[in-house]
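Note that the structure is predicted; figures quoted are calculated from it, not measured. In what follows, every heavy atom counts, from backbone to side chain, and hydrogens, waters and symmetry copies are set aside. Numbers here simply count residues along the sequence, with the first being 1.
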Amino acid sequence: MSLATVISAEKKLLLPTYDRQKVLFTRGRGVYLWDSSGKRYLDFLSGIGVNALGHGHPAIQKVLKQQAGKLIHTSNLFYHEYQSELAKRLTKISGLDRAFFCNSGTEAWEGALKLARAYARVNNSNGHKAKWRLLALDNSFHGRTFGSLATTGQEKYRHPFTPLVPGVNFVAFNDLADLKRQFDGSVCAVCLETIQGEGGIRPLSPEFLQLARELTQKSGALLLLDEIQSGLGRTGKYFAYQHYGVTPDIVTVAKPLAAGLPLGALLTSERVASGMHPGMHGTTFGGGPLACAVAIEFLRQLDELLGHVGKVGRYFVSQLQELKASHDAINEVRGMGLMLAIDLKSADVAKAVVGNLLDKGILINRTHDTVLRFLPPYIVEKKHVDNVIAALDSALKAGKH
């Protein structure tokens, strides 16, 4: 099927929710994708952080084939052998105690918000005063369902769907004084991305995250961390919060968890899990045997890759910093591990650079208008980084003219 045929069919049949690049991918292997014309692309976006092991990973393919031949779906009315094993691995690496599996990041975040409200209802020490407010961050992004949108601090995503879930207030990014001002006994949870992803790869300051932890611990509110993009090895540690020495009450993960299959999870402590009981929450597809079996294999592979992610990430940052020194168009280099970005002074230049690299067979994307986002597979090597840096250098030079 040709690219033109697919574009025509989608234009007629699909809701127009994405402004897609005009590329039809047909296969992938390692850090590369090939389109319908046979052109090869170096993938430094990895399906927005999903294909952390690259494409066609042999260990993942083996598990997929084996499990698909045995059992794909049972529903959560019955047991299968993989949920507890996956939960055991996730709780061990996170420092938390219990897991809930769902289909996506936004569903994991919805579950976290519901659990925070449920826990507060059972454990409200304010007497008659309700404990239900949620504090979220300006510039944040937590997904596209109603609860997730309600805690997303970007008006462009919220406005078409208002009114949203009530009880949410937004704190200025990394503003300690504003967090102190807005926090009181009516807050049931502080809701943060450890590193804002769609918002431009912006890490929380250690001081801000530490204050959020102290305030919530003192009042009995919960600290919710969204690590849907930054978790599961992306920063060189299992979770980005482990760089800060802070453990949340709830953390949500998704993107790379099942190596491309839909799977999300929330992880929480034994204490907070007491706020949930059968019938309060659920999912038809979440945590099925196929996705969980693949996720277990992903975590096995991840154990061997964490050091590599940190090493290549540090090299990538150093090269981006050198690039910044050579180009006035770059405002800032941000991120950790292999969750990196450069913020440009011009949205037009940023858009042009993405197109320039696409023409050269390199996949990145632009977020927050001026930010070039890099989320390569964990198997990426220094030579691939060098290719991208050279292409960026050339594109930024071309943008001057």
Side-chain angles (χ1 to χ4, degrees), residues 49 90-102 104-117 119-120 134-143 147-148 150-153 168 170-171 173-174 176 179 183 187-257 264-273 275 335-337 339:
L90 288 170
T91 53
K92 180 180 179 180
I93 64 176
S94 66
L96 295 166
D97 303 310
R98 289 184 178 264
F100 170 79
F101 297 113
C102 54
S104 65
T106 194
E107 288 177 60
W109 192 247
E110 290 282 333
L113 298 176
K114 287 178 68 177
L115 182 53
R117 288 264 177 93
Y119 178 81
L134 300 163
L135 293 186
L137 266 192
D138 283 344
N139 196 52
S140 60
F141 182 83
H142 295 288
S148 298
T151 51
T152 289
V168 182
F170 293 98
V171 176
F173 183 73
N174 276 340
L176 277 68
L179 177 58
F183 189 94
V187 171
C188 74
V190 175
C191 309
L192 309 170
E193 293 165 276
T194 315
I195 304 174
Q196 291 188 338
E198 193 282 337
I201 315 297
R202 297 176 181 271
L204 294 179
S205 71
E207 298 80 10
F208 188 89
L209 185 53
Q210 187 62 48
L211 177 62
R213 179 70 285 184
E214 290 171 0
L215 290 172
T216 51
Q217 284 181 326
K218 185 175 180 180
S219 76
L222 302 184
L223 176 63
L224 278 54
L225 292 184
D226 176 342
E227 295 230 1
I228 291 160
Q229 192 169 133
S230 64
L232 300 178
R234 176 57 61 182
T235 66
K237 291 185 180 291
Y238 288 112
F239 295 88
Y241 63 76
Q242 291 167 338
H243 292 279
Y244 294 79
V246 166
T247 301
D249 297 297
I250 304 174
V251 64
T252 57
V253 293
K255 289 189 181 294
L257 179 55
L266 73 80
L267 309 172
T268 191
S269 66
E270 191 73 45
R271 173 178 63 89
V272 175
M336 299 180 189
M339 183 177 182

Output all residues satisfying salt bridge (charged side-chain N to carboxylate O under 4.0 Å, His left out) with R202, sequence neighbours left out; order by chain, then residue number.
none

Heavy-atom side-chain proximity of L137 to F208 below 4.5 angstrom
yes

Taking the side chain as everything from C-beta on, heavy atoms only, tell me whether L96 gets closer than 4.5 Å to L90.
no

So, using side-chain contact (heavy atoms from CB on, under 4.5 Å) as the criterion, who are the partners of E198 when residues are at least two apart?
F141, Q154, K156, Y157, T367

Partners meeting side chain to side chain donor-acceptor pair (under 3.5 Å) with Y119 (sequence neighbours left out):
R271

Using the rule given for side-chain contact (heavy atoms from CB on, under 4.5 Å), can you reason through V246 versus Q210, listing the C-alpha separation, both sets of side-chain angles and the distance that settles it, and then say yes or no?
CA-CA 7 Å; V246 166; Q210 187 62 48; 3.6 Å; yes

Test ring pair (Phe, Tyr, Trp, His ring centres under 6.0 Å) applied to F101 - qualifying residues, sequence neighbours left out
none

Considering all heavy atoms, the nearest T235-S230 contact:
CG2-O, 3.6 Å

Determine the minimum heavy-atom distance between M336 and P203, stating which atoms define it.
CE-CB, 4.1 Å

In chain order, what residues pass the side chain to side chain donor-acceptor pair (under 3.5 Å) check against S269, with sequence neighbours excluded?
none

Steps toward side-chain contact (heavy atoms from CB on, under 4.5 Å) verdict (D226, T252):
CA-CA 5 Å; D226 176 342; T252 57; 3.9 Å; yes

My understanding is that only residues two or more places apart in sequence, or in another chain, count here; which of them pass side-chain contact (heavy atoms from CB on, under 4.5 Å) with E207?
L176, S205

Carefully, step by step, assess L224 and L266 under the rule side-chain contact (heavy atoms from CB on, under 4.5 Å).
CA-CA 10 Å; L224 278 54; L266 73 80; over 6 Å; no

Between S94 and Y241, does a side-chain contact (heavy atoms from CB on, under 4.5 Å) hold up when you go through it step by step?
CA-CA 9 Å; S94 66; Y241 63 76; 3.4 Å; yes

Test S148 against T106 for side chain to side chain donor-acceptor pair (under 3.5 Å), laying out the working first.
CA-CA 6 Å; S148 298; T106 194; 2.8 Å; yes

Minimum heavy-atom distance A150-V168, with the two atoms named:
O-CG1, 3.3 Å

